[in-house]
2 protein chains.
Amino acid sequence: MDIRTRLISTAEQLFDRHGFTATGMDRLTHGAGISSRTLYKHVGSKNRLLAIVLDERDRRFMRSLASAVSVDELFGALGAWFVDEGARGCLFLRVWAETGGDVPEIVEAMTRHKARLRQRIEEIVEAEIGCRDDELAEAILLLVEGVTHAAAYRGSATVDVALRAARRLIEGARTQGLSS
Amino acid sequence: MDIRTRLISTAEQLFDRHGFTATGMDRLTHGAGISSRTLYKHVGSKNRLLAIVLDERDRRFMRSLASAVSVDELFGALGAWFVDEGARGCLFLRVWAETGGDVPEIVEAMTRHKARLRQRIEEIVEAEIGCRDDELAEAILLLVEGVTHAAAYRGSATVDVALRAARRLIEGARTQGLSS
DNA sequence: GGAAGTGTAAAACGATCACTTTACTTGCGC
DNA sequence: GCGCAAGTAAAGTGATCGTTTTACACTTCC
């Protein structure tokens, strides 16, 4: 495997499992099997490494949602993500809070990711009910954000609760659309 | 103000705003206006200080929800909390993840807090619809958890979206209760 | 066959980490 | 007025932080 790829995926795991600040450069170099000099040649600094990790994670996460055209598929993909990657809350929000919102690269990566997620949910809602519905999309976003964090302490079964709640909201929006 | 109280509230603010690991003992002692010797006499260690901070935060948070007997009041209290204390995601989940789930005192404080929150929501749901409804309570919990984290990047106005979604779910549960 | 590029190991950088210790002051009770 | 509890400032503990540097090995390409 490519050195850079190995470094980034190692860093993502360590940051996710032990936190950004608590993960030292020695654990990163040792984990990736490279020297510190090579690490700095490739990514420049710890903050830059985190920014790269976040962008890569965003790409992988969005790819896992790429084919979803219904809330069933949305929460199905989310459940699969939790099984594959674990559920410890949103990494973007966590490192954003951990760095106090003081690192511009991280603030931007977080903002970009959340905007894309919101956009993706908007598309899924539109595919589901046939028209745009900002209010409904925002509510589904809340359920997605909720299950992302609740799954950390209530387990992956919570995904089913979120799905059923989302179905109810969609059903409500459909009948409301018919009656109005 | 009492030294211990001052220390704990200072620590809560610093941990919340800058993260647990990133907050050094010098910032804590300086912020509370005490010597490091006094800090260690009072709380023993940084981890113990965090555990005390979390318990205190739990008490204050649950007190802010104590009078709520409807989802309107629940999300009203939540919105007020975000205005007063800021919205940077759940501190319990953040420090739990930051410490990799390795510190027993923190795992326990987090678990206790989430169990109490879940219990409180169950009571509110029961007061609202007249009977227990685990599924509905779990869905409201997801909305609460969702708005706690979404408010960090979408602003406090998201509370209204959560409230309207919760009302819909309650309405659905009521009509379902009548029809079945 | 020499230059350039890419990697290594390991030492050093000053700063900061959580925490302890030493030496000294202050206020209160008996 | 003596002792004791509770506070201070400040130095010191060894470890670890992110980052840079030095010295050297291995390809690859002209």
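Any value given below was found using the heavy atoms of this structure, including those in side chains, with hydrogens, waters and symmetry copies removed. No experiment lies behind these values; they were computed from the predicted model shown.
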| task | Please tell me which of the listed nucleotides, C:dA18, D:dG7, C:dT20, lies nearest to the side chain of B:H42? | result | D:dG7
| Within this structure, what is the CG-to-P distance between A:D2 and C:dT6, rounded to whole angstrom? | 12 Å
| said: Between the base of C:dT20 and the side chain of B:S36, is one N or O donor paired with an acceptor at under 3.5 angstrom? | reply: yes
| request: Check the surroundings of atom CZ in A:R27: do more than 12 heavy atoms from other residues, nucleotides or ligands lie under 6.0 Å from it? | output: yes
| Just how far, in rounded Å, is C1' of D:dG18 from CG of A:D26? | 10 Å
| note | Side-chain atoms of A:Y40 come closest, of C:dA18, D:dG18, D:dT8, to D:dG18
| What nucleic acid atoms does A:T23 come within less than 4.0 Å of, heavy atoms only: base, sugar-phosphate, or nothing? | sugar-phosphate
| task | Please figure out whether A:A22 or A:R37 has its closest DNA chain D nucleotide nearer the 5' end. | result | A:A22
| Toward the 5' end of DNA chain C, by each residue's nearest nucleotide, A:L39 or B:G44 | A:L39
| task | Grab the CZ-P distance between A:R48 and D:dG18 for me, whole Å please. | result | 17 Å
| What integer distance in Å separates B:K41:NZ from C:dT21:P? | 11 Å
| request: Might you work through the side-chain contact (heavy atoms from CB on, under 4.5 Å) test for A:I124 and A:V69, ending with a clear yes or no? | output: CA-CA 5 Å; A:I124 292 172; A:V69 292; over 6 Å; no
| query | Once you round it to whole Å, what is the distance between P of D:dC17 and CE of A:M25? | reply | 10 Å
| note | Which of C:dA9, D:dT19, D:dA10 is nearest the side chain of A:S35? It is C:dA9
| query | Do any N or O atoms from the side chain of A:E98 and from the backbone of A:T21 form a donor-acceptor pair under 3.5 angstrom? | reply | yes
| Is any side-chain N of the basic residue among A:R168 and B:E135 closer than 4.0 Å to the acidic one's carboxylate O? | no
| request: Nearest whole angstrom, please: distance from the C1' of C:dG7 to the CD1 of A:I3. | output: 7 Å
| field | Distance in angstrom units between B:E98 CD and C:dC17 P, rounded | value | 14 Å
| field | Nucleotide nearest A:T38 when distance is taken to its side chain, options D:dT8, C:dT8, D:dT19 | value | C:dT8
| Within this structure, what is the NE2-to-P distance between A:H30 and C:dA10, rounded to whole angstrom? | 12 Å
| query | Think A:K46 forms a cation-pi with A:F20, using NZ or CZ under 6.0 Å from the six-ring centre and within 45 degrees of its axis? | reply | yes
